[in-house]
Amino acid sequence: MRRTDYFLPTLKEDPSEAQIVSHRLMLRAGMVRQSAAGIYSWLPLGLRVLRKIEEIVREEQNLAGAIEVLMPTLQPAEIWRESGRYEDYGKEMLRITDRHQRDLLYGPTNEELITQIFRDSVRSYKELPRNLYHIQWKFRDEIRPRFGVMRGREFLMKDAYSFDIDETSARTAYQKMFIAYMRTFDRLGLRAIPVAADTGPIGGDLSHEFIILAETGESEVFCHADLLSRAAPDADYDGDLATVIEPFTSLYARSDEMHDAALFEAEVPTDKQVRARGIEVGHIFYFGQKYSGPMGCRVAGADGKEVDVHGGSYGIGVSRLVGGIIEACHDEAGIVWPWAVAPFQIGVINLKPGDEQTDALSGKLYAHLTQKGLDVLYDDRNERAGGKFSDMDLIGLPWQAVIGPRGAAAGEIEIKNRKTGEKRSLDFEAACALLASPPPSDPPSASPAAQDKA
RNA sequence: CGGGGCAUGGCGCAGUCUGGUAGCGCACCUGGUUUGGGACCAGGGGGUCGCAAGUUCGAAUCUUGCUGCCCCGACCA
């Protein structure tokens, strides 16, 4: 993409309404614009990141055997009355009345809808287990939206719903999602900590929140330090999943609401005790027959008797992750994107548009990298060098390729690693080879800055 | 919803107390000089001062009502 053809309205100054770093940077980098409190328009650069995250989430869901559907944003109130949540949900649910005075709502989640679909279509245990997911916009009318897209009212979320014949089978469905989540966050360049979460009236050990460490995180996390260095499991969903998950669930990890100080002291050696702030980016949950019962979602078992199916739901905050990643990956100058989600992997800066040699070399590099399938942003604007450098640092593309008159005359391209700041001058071939893969420093592990606060 | 704050050109702000020609920086447009980390000179465009009533000869400024946004708290992917 040539910068002169693109829509990328960057801001030199911080907008006054943005307090936390990810919100500031998203506004300054021209990723989003606020439409109303907690409601955002996604500009081209932000949309690219959102789509990349979405695609990684989708790939991992598919690998784990989940099947994609798409449910609407608006739902009839009727099914929520069936489950009993229409009255329970409170003011967070945005209620709408259509021209026929029918009660609708902008979906805050989709348990009812998917249960309705499933119960109307599936009669036999032979069609279980099944896991259906979608990636869709949701709305929760938060009392106080804040932190930009991290806590908006409208947000993009992946939510999956599993259907099983019994709890044993549901446990397997849960474990698959657990593994898929660890893999997803790993691919996004994040280190997520699975913390035990409150299972509510159902009880049991089948609820985890996935938290990434960040100084501005909303929740406090207490965990064993080894969880920060565990690599994500392989995508092998046929083996003994409990064994795969065990290394993640056996170590102490809880958020403030579930924290047990005495247990923490007893289970975790002092030098391994991590206390940090974090952002919840995913939540998986087994809820048993909570919706299938009241909503009559039953299938015939092998013995011919009907049973209420066992359900679980599994959410990932896709739009929240955009902010979350920035919280974990930035520096003084701006964003530092992990390769996998960078809106463009490479920024080419032509320092002197109009100069025959720099135009030729910049154009050649841009064409060559683009042809290789890389996402390249080519800054061909006739701006001052400083402005282009600052802009490129701000939007945080992993690699920068700088071409000026002196280098062009010598056939050299200056490559800068955004994360480390390291610069090297290379000839065309060497530059192309280097730019084709992630910088060696990528992907980052959990934010060291956040850990220091422990 | 309780407490606090803000609303003046695209962005950041001054002006409001003490009513009297709407201003500054950045951005934008034109011309020129510049050109490796946010240049300089000259000229220029753009604002019903959030909305509505009121007080007044006269309101960005005073009064009342409303709306929107931000921050702190209780709640959430």
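Labels below follow one simple rule: chain letters A, B, ... track the order of the sequence lines, proteins then strands, and each chain is numbered from 1. FYI, side chains are in, hydrogens and waters are out, and symmetry mates aren't considered; it's all heavy atoms of this structure.
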Review point. Considering residues at least two apart in sequence or located in another chain, which fulfil the ring pair (Phe, Tyr, Trp, His ring centres under 6.0 Å) criterion with A:Phe155?
Key: none
**Study point:** Any pair counted as side chain to side chain donor-acceptor pair (under 3.5 Å), so long as it reaches residues 19-31 of chain A, sequence neighbours left out
**Key:** A:Ser22-A:Glu327, A:His23-A:Tyr40
Run the side-chain hydrogen bond (donor to acceptor under 3.5 Å, both in side chains) test against [X] and tell me which residues pass, sequence neighbours left out.
| X | result |
| --- | --- |
| A:His283 | A:Ser207, A:Glu280 |
| A:Glu112 | A:Ser83, A:Arg85 |
| A:Asp359 | A:Asn350 |
| A:Glu154 | A:Tyr106 |

**Study point:** RNA chain B contacts among residues 7-25 of chain A, heavy-atom distance under 4.0 Å
**Key:** A:Lys12, A:Glu13, A:Asp14, A:Pro15, A:Ser16, A:Glu17, A:Gln19
Practice item. For RNA chain B, determine which residues of residues 32-62 of chain A have any heavy atom closer than 4.0 angstrom to one of its atoms, and list them numerically. Key: A:Gln34, A:Ala36, A:Ala37
Sugar-phosphate, base or nothing in reach of [X], heavy atoms under 4.0 Å:
| X | result |
| --- | --- |
| A:Gly282 | sugar-phosphate |
| A:Gly152 | base |
| A:Gly315 | nothing |

Review point. When the C1' atoms of B:C28 and B:G73 are considered, how many whole Å apart are they?
Key: 43 Å
Review point. With sequence neighbours left out, which residue pairs that include part of residues 62-71 of chain A fulfil the salt bridge (charged side-chain N to carboxylate O under 4.0 Å, His left out) condition?
Key: A:Arg58-A:Glu68
**Study point:** Covered region of RNA chain B, 5' end to 3' end, by chain A [heavy atoms, under 4.0 Å]
**Key:** B:C1 to B:A77
Check your understanding: Between A:Glu92 and A:Ala385, which has a closest nucleotide on RNA chain B that is more 5'?
Key -> A:Ala385
Check your understanding: With nearest nucleotides of RNA chain B determined for A:Gly317 and A:Leu394 from heavy-atom distances, which residue corresponds to the more 5′ nucleotide?
Key -> A:Leu394
Check your understanding: With sequence neighbours excluded, what pairs up with A:Arg153 under the salt bridge (charged side-chain N to carboxylate O under 4.0 Å, His left out) test?
Key -> A:Asp141
Distance-only criterion, 3.5 Å: show the donor-acceptor pairs between side-chain atoms of residues 423-430 of chain A and protein atoms not counting sequence neighbours.
| from | atom 1 | to | atom 2 | distance (Å) |
| --- | --- | --- | --- | --- |
| A:Asp427 | OD1 | A:Glu429 | N | 3.2 |
| A:Asp427 | OD1 | A:Ala430 | N | 2.9 |

